[in-house]
2 protein chains.
Amino acid sequence: MSQTEPLTRIASVMATIRQRIEAGSLPVGSKLPSVRAFAGAIQSSVSTVVEAYNLLVAEGMIVSRPGSGFFVAPQVIPLKLSSAGPKADRAIDPLWISRQSLEADDKVLKPGCGWLPASWMPEQSVRKALRTVSKAGVDSLSSYSSLLGLPALRHLVSRRLSEKGVEASPDQIILTDSGTQAIDLLCRYLLKPGDTVLVDDPCYFNFQALLRAHRINMVGVRYTPTGPDIDAFARIVVETGPRLYITNSGVHNPTGAILAPAIAHRVLKIADQHDLVIIEDDIFADFEHTSAPRLAGFDGLDRVAQIGSFSKTLSASVRCGFIAARPEWIEGLIDLKIATMFGGARLNEEVVYAALSDGGYRRHTDALRVKLERARRDVGDRLRALSIVQWTEPRAGMFLWCELPEGAESADLTRKALASGIVLAPGNAFSVAQNAASFMRFNVAQTDSRTIEKLSQLLRLR
Amino acid sequence: MSQTEPLTRIASVMATIRQRIEAGSLPVGSKLPSVRAFAGAIQSSVSTVVEAYNLLVAEGMIVSRPGSGFFVAPQVIPLKLSSAGPKADRAIDPLWISRQSLEADDKVLKPGCGWLPASWMPEQSVRKALRTVSKAGVDSLSSYSSLLGLPALRHLVSRRLSEKGVEASPDQIILTDSGTQAIDLLCRYLLKPGDTVLVDDPCYFNFQALLRAHRINMVGVRYTPTGPDIDAFARIVVETGPRLYITNSGVHNPTGAILAPAIAHRVLKIADQHDLVIIEDDIFADFEHTSAPRLAGFDGLDRVAQIGSFSKTLSASVRCGFIAARPEWIEGLIDLKIATMFGGARLNEEVVYAALSDGGYRRHTDALRVKLERARRDVGDRLRALSIVQWTEPRAGMFLWCELPEGAESADLTRKALASGIVLAPGNAFSVAQNAASFMRFNVAQTDSRTIEKLSQLLRLR
């Protein structure tokens, strides 16, 4: 036996306890298992557990009360999202891409970023909406919104959802500060620390960051070009007993895949059998020419809640999102909305309503879809010339999920690219299982000739 | 022994288990203690615990696996804030006043509400700011804000804090979607489910709702006209080992009390000794003629974080708040901000900046303070004529915390008033210990002659 083995075992025992404290299953003030009981439970030696407990006392994480045992200490242990996961490699951290993209100045190229350049957004619709609202009644300018949010906007959202096959009355729609905040509110309502949640692998990286903030165990299900691998989905549901499945089925992020009706049907059947609820994130709805199947549409908002926002096609500056959910959930969601954000953001709701009820927005999205289709084709061709190959051919949206040439590693390429002023989106940022190291997500609206040229240089330098 | 006693004991055992499941100390899938062990631990009979377990199985909250025991069931148990507390009496629920106030139409009188009437707000400053922003650059209209939020607004907040004796560089300031959301973000960063938090008794009712959403144990400390009862504070800190104390020391809600420097000093000394962190909610800052002491100022943002917003004196429609905190907390807070709300609400930040950097806002708040002073005196006099007596004489703000005439009960009066179209704020909504049944908070800007007349009628009808 080498010298380092006992140390590794002690560290592993410490990590187990730390994790239980962070997940809340050992709350502050609670008594730890006795050294002997814990050693038995984890099949370790008593001396290893003694040493681990003593080190945790030294760290201030637990306290020893002679004669009565060890207790979780009351000191502040801030929730650290970027080191809470299994790996702390900064290039594949789920928050890395968001931070780099949000902080980048105009000189930085951002093919990894998750939104359109400002020049692709309907700026004039927003200007016009601001002028309209500047002349509105005093309540529009000075008062909180109502509990559910501006009635006119909820009616408009209800009509738009109906066009996508999702029937939700305005009373089933709650406006929120953003799409992310809509998911956050649902997680607060539906989940408890320590619950298990299914995500797609790959999935939008911020689902992972958000679920970590809720102290949730994540399990990934392999995604295919027609939806989740349904046999794996069925097996994993039985094995891990998740409460919730979170996905975006309209235009899947990062793959651009489209959910097949038969898969949607089977997902809902499994969900029914195992009392699984589903959050369907549909923020890319306005990128579609024709609507792909929606879980929320098939299910009739029974066990599926749908969320949406206007950040991707109207404005990321005017934050506003919504939840469409079954009537029985609405009162509880309103209570949580008041407790955690108080009144609704009326100004944003008024501006979004003014912009969306104007013909200009629909003309803009019609033109945008054509422009994105051309960009997907052009960028796809140019990436292929660098042996960067599309995993599937998306019918809508701004993302291409691509496999790098043999031997290229996406986190490594990402670090090198950042040194040259390019923000990339490496595959493993999207993968709970960390099995997408050879993949990369490209935003076709942010991938210009300079980006392709730099990528080409970096790939040649390998 | 009466017939009902065993039933009461069974219900009490069920409540204990339900509470542990909701608080996360019994996570989903975890095994419950054996019937015998649990009966011993809570000094109950085995048959009572057997019955309680069986009823919980029938409710679907736990499952029985023959041969291995009872386990917490994986079904969805939505977090219900309005029944999670010790009492479900709708008139004293911490969310009741918020819901009634936010949902009330123009015909309802709202002396219990926590904000000024729209007609008292600087509507023209907001209109002008909207016109200014409608002509701003494309990024102001279309892009997310930066990680910390609009630099110009953070510089302005930094200067305003400095005027109140709180030194915070713009890099120590994070903009949020609202003051409530600023507190929520800090709670996420600093707390874990099951932690204990100190609040003032009485305190702003939404602190209680927010802390329930975080599955926190609350302990109240009696508030006096010069701050918390410092001997009780010291004793309760030792007895309950809280992580955090949350208060608003500028203009205390609901009492209007002003923190005395000597009390502030002792609070900070106790906090130092027991590694307690403090959130100081300072959203009423602009109501003050001269600044009262701030914990954040005395402490230099070491263990105190201060939050603020512009909802009370600029606009409740333009949601924007901020956190000022020690530099070491900023990166972790940014991670949580991205995970739970993604990009910042740039439009709101731009509108607040435009409004605040215009001279009109300062003139408005100067005039508002005079107007509120007069209203406090007038309404105070008229309430006194009904034998409704002020607990202290506030030097700033819109609230009077008053004791009702002998024999009047505030929850009862509140229910009757609602039937007459008046929303009141009964004392126990502010009290963790539920010992403010004879108190009521009045908003002087919302208490007009009709309100006084109706109150007079209701009190005579007793």
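Convention: sequence-line order gives letters A, B, ...; per-chain numbering from 1.
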Task: Rounded distance (nearest 0.5 Å) linking atom NE2 of B/His214 with atom CZ of A/Arg188 - done: 4.5 Å
Task: Region of A/Ser140 in contact with chain B, defined by heavy-atom distances below 4.5 Å - done: backbone
Task: Pick from B/Ser311, B/Gly344, B/Ser315, B/Ser145 with the largest number of heavy-atom pairs that fall under 4.5 Å of chain A - done: B/Ser315
TODO: Mind checking the OG1-CG spacing from B/Thr340 to A/Leu185? Nearest 0.5 Å is all I need.
DONE: 11.5 Å
TODO: Apply side-chain contact (heavy atoms from CB on, under 4.5 Å) to B/Arg319 and A/Arg346, showing your working.
DONE: CA-CA 8 Å; B/Arg319 303 294 277 147; A/Arg346 178 142 178 186; over 6 Å; no
Open item on the list: Quick one: does any side-chain atom of B/Glu103 pair with a main-chain N or O of A/Ser146 as donor and acceptor, under 3.5 Å?
Closed with: no
Task: Value rounded to 0.5 Å, distance of OG1 in A/Thr180 from CE in B/Met341 - done: 9.5 Å
Task: Distance (rounded to the nearest 0.5 Å) between B/Leu130 CG and A/Leu130 CG - done: 6.0 Å
Task: Structural part of A/Ser143 lying under 4.5 Å from a heavy atom of chain B - done: both
Open item on the list: Between B/Arg131, B/Arg127, B/Gln181, B/Glu350, who has the most heavy-atom pairs with chain A when the cutoff is under 4.5 Å?
Closed with: B/Arg127
Task: Lys/Arg-Asp/Glu bridge criterion (N-O < 4.0 Å) met for B/Arg212, A/Asp335 - done: no
Open item on the list: With a 4.5 angstrom heavy-atom cut-off, is it the side chain or the backbone of A/Ala136 that approaches chain B, or both, or neither?
Closed with: backbone
Open item on the list: Heavy-atom cut-off 4.5 Å, strictly under: side chain, backbone, both or neither for B/Ala182 against chain A?
Closed with: neither
Task: Structural part of B/Glu331 lying under 4.5 Å from a heavy atom of chain A - done: both
Task: Side-chain donor or acceptor of B/Ser142 paired with backbone N/O of A/Met121 under 3.5 Å - done: no
- [ ] Answer yes or no: is there a donor N or O on one side and an acceptor on the other, between the side chain of A/Arg99 and the main chain of B/Ile338, under 3.5 Å?
- [x] no
Open item on the list: To the nearest 0.5 Å, what is the distance between CG on B/Leu141 and OG on A/Ser317?
Closed with: 6.5 Å
Task: Set of residues satisfying ring pair (Phe, Tyr, Trp, His ring centres under 6.0 Å) with respect to A/Tyr144, sequence neighbours excluded - done: A/Phe342, B/Trp115
Open item on the list: According to side chain to side chain donor-acceptor pair (under 3.5 Å), who are the partners of A/Lys128, at least two apart in sequence or on a separate chain?
Closed with: A/Asp358
